[in-house]
Amino acid sequence: MFHTVLCDMLGIRYPILMGAMQGAGKPRLVAAVSEAGGLGVLPTFGETEADLLRQIEETRALTDKRFGVNITPVGRAFTEKRAQICIDERIPVVTTGLGDPGPDAVAAMRAAGIKVIPVVPTVRHALRVEAEGADAIVASGTEAGGHVGHIATMPLVPQVVDAVKVPVIAAGGIGDARGFLAAFALGAVGVQLGTRLICTTEAEDSGWYKEMILRTSEEGTIISRALTGKTTRAFATPEVLAYEEARLRGATSEELKTYERAVRAGRKKGEDYEGIRQAVVGQICGMLNRDEQVKPTAEVIEEIISEAAEMARRTAALVQHC
Ligand SMILES: Cc1cc2nc3c(=O)[nH]c(=O)nc-3n(C[C@H](O)[C@H](O)[C@H](O)COP(=O)(O)O)c2cc1C
């Protein structure tokens, strides 16, 4: 059940991709997702080339299953350099974060046999990356953690599905079997999970991040440019709220910089997240408010698959009953 074209395209058991997660998505989690039947994806943003190579090696030491690498296309030279590393390392799948990887990088990776899967926030963007040669597309709604657009997953996914010919993967706000099953009703052939996977035993964290998720409701996130300069969904901490209040009352750019510095001072400090105050997170954190939600990745994935299968059976019975 749930064996879709995505499973054949990527050589995976379940149509579940790990959303690359700068900071939280280290080799242990990447390997755990691939071992559990999905596709683990290594983030590369904020990593040096040497770190990326070390993490590819570390992941290979933990699993012999396929895993992907994510490139955040922040500039042509950066994207092409990272694409070349993926080619040299024979990485089978590359996802790209919000932004445009560009036709040259896509063509070079595809020529090397890499499946290229960009993440998009709009139909317009989906059409552009399809024209550049994308093998599949992740349509990511505004509910997601990280860099986001303004269209929610529910209206975005079917509109992208209608607009493109390549397979579409749904992302943003998917945290359990209900969201997984809904993605298929919207026309997707798989899902990408981010926030849900932070609450696993394999996610990298000194405890702070998971604690914060466990204490945050569905109202506890906000979209702001304060963290990275781009629209990013993150915890609505007092520092981010102060930035947004200042922005809305028309603060000067000099004033805003002061608020921005307060936010950025609380971002990643060291490998173990020591001292972090600000981080990105999706709206599903309100679904993860219980300690028992922090469990091994394999359990999370098996639960999604088995509960979705049961739910699909119940729905089919309901339809027959009507
Ligand atoms: C902590 C965190 C870090 C992220 N970092 C990246 C990244 O480096 N590159 C990227 O393409 N997406 C990044 N994302 C987005 C995820 O890959 C994924 O698309 C998103 O989390 C899916 O929505 P969800 O959080 O509702 O599951 C990040 C998300 C989170 C929560």
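Quick note: numbers below take in every heavy atom, side chains included, and nothing from hydrogens, waters or symmetry partners. Each ligand, and each atom within it, is numbered from 1 in the order the structure gives.
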If you take the nearest heavy atom of each of [options], which one is closest to [atom]?
atom: atom 12 (N) of ligand 1; options: A20, G25, G97, G19; answer: A20
atom: atom 15 (C) of ligand 1; options: G145, G146, C285; answer: G145
atom: atom 26 (O) of ligand 1; options: G173, P43, G179, G282; answer: G173

Between [X] and ligand 1, is there a nitrogen or oxygen pair with a distance under 3.5 Å?
X: Q192; answer: yes
X: R196; answer: no
X: I284; answer: no
X: N70; answer: yes

- Task: Could you list which atoms of ligand 1 come closer than 4.0 Å to a heavy atom of A144?
- Result: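 Going through ligand 1 atom by atom, the ones under 4.0 Å from A144 are 20 (C), 22 (C), 23 (O), 24 (P), 26 (O).
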
Report task. Of the side chain and backbone of T195, name the one, both, or neither that has a heavy atom under 4.0 Å from an atom of ligand 1. Result ->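 For T195, the contact with ligand 1 is made by both the backbone and the side chain.
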
If you compare all heavy atoms of A24 against all heavy atoms of L29, which two are closest, and at what distance to 0.1 Å?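 Taking A24 first and L29 second, the nearest heavy atoms are O-CD2, 3.9 Å.
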
- Message: Please give me the minimum heavy-atom distance between V157 and A170, naming the atom from each residue.
- Response: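 Closest pair (atom of V157, atom of A170, distance): CG2-CB, 3.7 Å.
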
In this structure, does ligand 1 have an atom that sits under 4.0 Å from one of the heavy atoms of [X]?
X: V280; answer: yes
X: G23; answer: no
X: A24; answer: no

Is there a side-chain contact between [X] and [Y] in this structure, where contact means two heavy atoms from C-beta onward sitting under 4.5 Å apart?
X: T231; Y: H150; value: yes
X: P296; Y: V300; value: no
X: Y243; Y: S224; value: yes

Answer yes or no: is there a donor N or O on one side and an acceptor on the other, between the side chain of D135 and the main chain of V116, under 3.5 Å?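 Yes; at least one donor-acceptor contact below 3.5 Å.
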
Audit row: R54, E58, salt bridge (Lys or Arg N to Asp or Glu O under 4.0 Å) steps and yes/no: CA-CA 6 Å; R54 185 178 46 75; E58 261 178 62; 2.8 Å; yes

| task | Test E130 against K165 for salt bridge (Lys or Arg N to Asp or Glu O under 4.0 Å), laying out the working first. | result | CA-CA 8 Å; E130 183 183 47; K165 293 188 180 63; 5.7 Å; no

